[in-house]
Q: 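Before I ask anything, here is the structure I am working with.
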2 protein chains.
Amino acid sequence: MTRRDTYVCGIDAAIDVVGGKWKVLILWALDEGPLRFGELRRGIPGVTEKVLTTHLRELENDGIVSRDEAFEGAVRRVAYTLTPLGVSLNEALAPLGDWGRKHLLSEHHEPGEVSPR
Amino acid sequence: MTRRDTYVCGIDAAIDVVGGKWKVLILWALDEGPLRFGELRRGIPGVTEKVLTTHLRELENDGIVSRDEAFEGAVRRVAYTLTPLGVSLNEALAPLGDWGRKHLLSEHHEPGEVSPR
DNA sequence: CAGCATCCCAGACGATACTG
DNA sequence: CAGTATCGTCTGGGATGCTG
């Protein structure tokens, strides 16, 4: 998933940034706060480490997430955080998420059920 | 571009609907009003007929656009229109479009320049 | 005019194993 | 822990040509 270089309008550029198979899931997971690599992987069932890594690199290149590495003794600790740009992206994504939840996955929801995001 | 069948949340479902390379461009073109196949193709420089066709079929299956066929004498006239669902999708897409225009393609815009969408 | 039918390819995605 | 390194698959997308 390498970014294209010519865009006709803002939407297709944004879609390109966010279009990886797991990108929005990463963004959404990080919306709660910073997460480590392993936490992220466990939080998104189905991603392989390789794909998660490349997606994170791309999001980093696009300025959406920041990667902070640190060492505690011998163990590495890498935390991923949404940048302000990432936060604003998530906000811009919200209406689309509402739309999708409402029109795409609204089959059989019991009233008391926890609503997905 | 066949739709997936399991979604974690609304956003990734929506991204899946709108994730084709030319989908948002189609949606945006149709936002002004119904267009014929040829008009659509000319309005989106770069799409091949095959891809435009498949994208349109998928959008049709998802209930985003409607296809209306008619004959005027010997010539076919096929018009594509946004359904109400498609209109609502376009509205949900607007904030993301704003975000992309602002943060992704804001390099070197002269003050008097026409602003892309 | 509005498309199918074919053939083809890059690269996104996945599975598995290994490492600093 | 947080990744690389390989290898393999799959399919979205493109090029070209033909048709009702």
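Below, chain A is the first sequence line, B the second, and so on; all start at residue 1. Keep in mind it's a predicted model, so treat the numbers as computed, not measured.
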Q: Looking at A/Glu39 and A/Arg41, does any basic side-chain N land under 4.0 Å from a carboxylate oxygen?
A: no
Q: Report the residue from B/Val47, B/Ile64, B/Leu52 that forms a side chain to side chain contact (heavy atoms under 4.5 Å, CB included) with B/Ile26.
A: B/Leu52
Q: Rounding to an integer number of Å, can you tell me how far B/Glu69 CD sits from C/dG3 C1'?
A: 10 Å
Q: Could you give the distance from NE2 (A/His55) to OG1 (A/Thr48), rounded to the nearest 0.5 Å?
A: 9.0 Å
Q: Under 4.0 Å, counting only non-hydrogen atoms across every strand here, what does A/Arg41 touch: a base, just sugar-phosphate, or nothing?
A: nothing
Q: Please state how far atom NZ in B/Lys23 lies from atom C1' in D/dG13, giving the value in whole angstrom units.
A: 12 Å
Q: Regarding A/Arg3 and A/Glu58, does a basic nitrogen lie under 4.0 Å from an acidic carboxylate oxygen?
A: no
Q: Is there a residue in residues 45-66 of chain B whose heavy atoms reach under 4.0 Å of DNA chain C, and which residues are they?
A: B/Glu49, B/Lys50, B/Thr53, B/Arg57
Q: Classify the nucleic acid contact of A/Phe71 as base, sugar-phosphate or nothing, counting any heavy atom under 4.0 Å across all strands shown.
A: nothing
Q: Rounded to whole angstroms, how far apart are CG on A/Asp68 and C1' on D/dA2?
A: 14 Å
Q: Quick one: are A/Asp68 and A/Val78 in side-chain contact, heavy atoms under 4.5 Å?
A: no
Q: For C/dA2, take OP1 and OP2 only and decide whether either is under 4.0 Å from a side-chain N or O of B/Arg36.
A: yes
Q: Under a 4.0 Å N-O cut-off, is there an ion pair linking A/Arg77 with A/Glu69?
A: no
Q: Are the side chains of A/Arg4 and A/Asp12 in contact, using a 4.5 Å heavy-atom criterion?
A: yes
Q: Look at the side chain of A/Trp22 and decide which nucleotide, out of D/dG3, C/dC1, C/dC13, has an atom nearest to it.
A: C/dC13
Q: Output the residues of residues 5-18 of chain B in contact with DNA chain C, where contact means a heavy atom of the residue under 4.0 Å from an atom of the strand; sort by number or write none.
A: none
Q: C/dA2 C1' sits how many Å from B/Glu72 CD, rounded?
A: 13 Å
Q: Do the side-chain N or O atoms of A/Arg76 get closer than 4.0 angstrom to the phosphate oxygens (OP1, OP2) of C/dT19?
A: no
Q: A/Lys21 side chain: which of D/dC1, C/dG14, D/dG14 is closest?
A: C/dG14
Q: Do side-chain atoms of A/Ser66 reach the backbone of A/Thr83 as a donor and acceptor pair under 3.5 angstrom?
A: no
Q: What pair of heavy atoms forms the shortest contact from A/Leu105 to B/Ala13, and how long is it?
A: CD2-CB, 4.0 Å
Q: Over how many whole Å does the gap from B/Ile44 atom CD1 to D/dG14 atom P extend?
A: 12 Å
Q: Under 4.0 angstrom, heavy atoms only, what part of the nucleic acid is A/Val75 near: base, sugar-phosphate, or nothing?
A: nothing
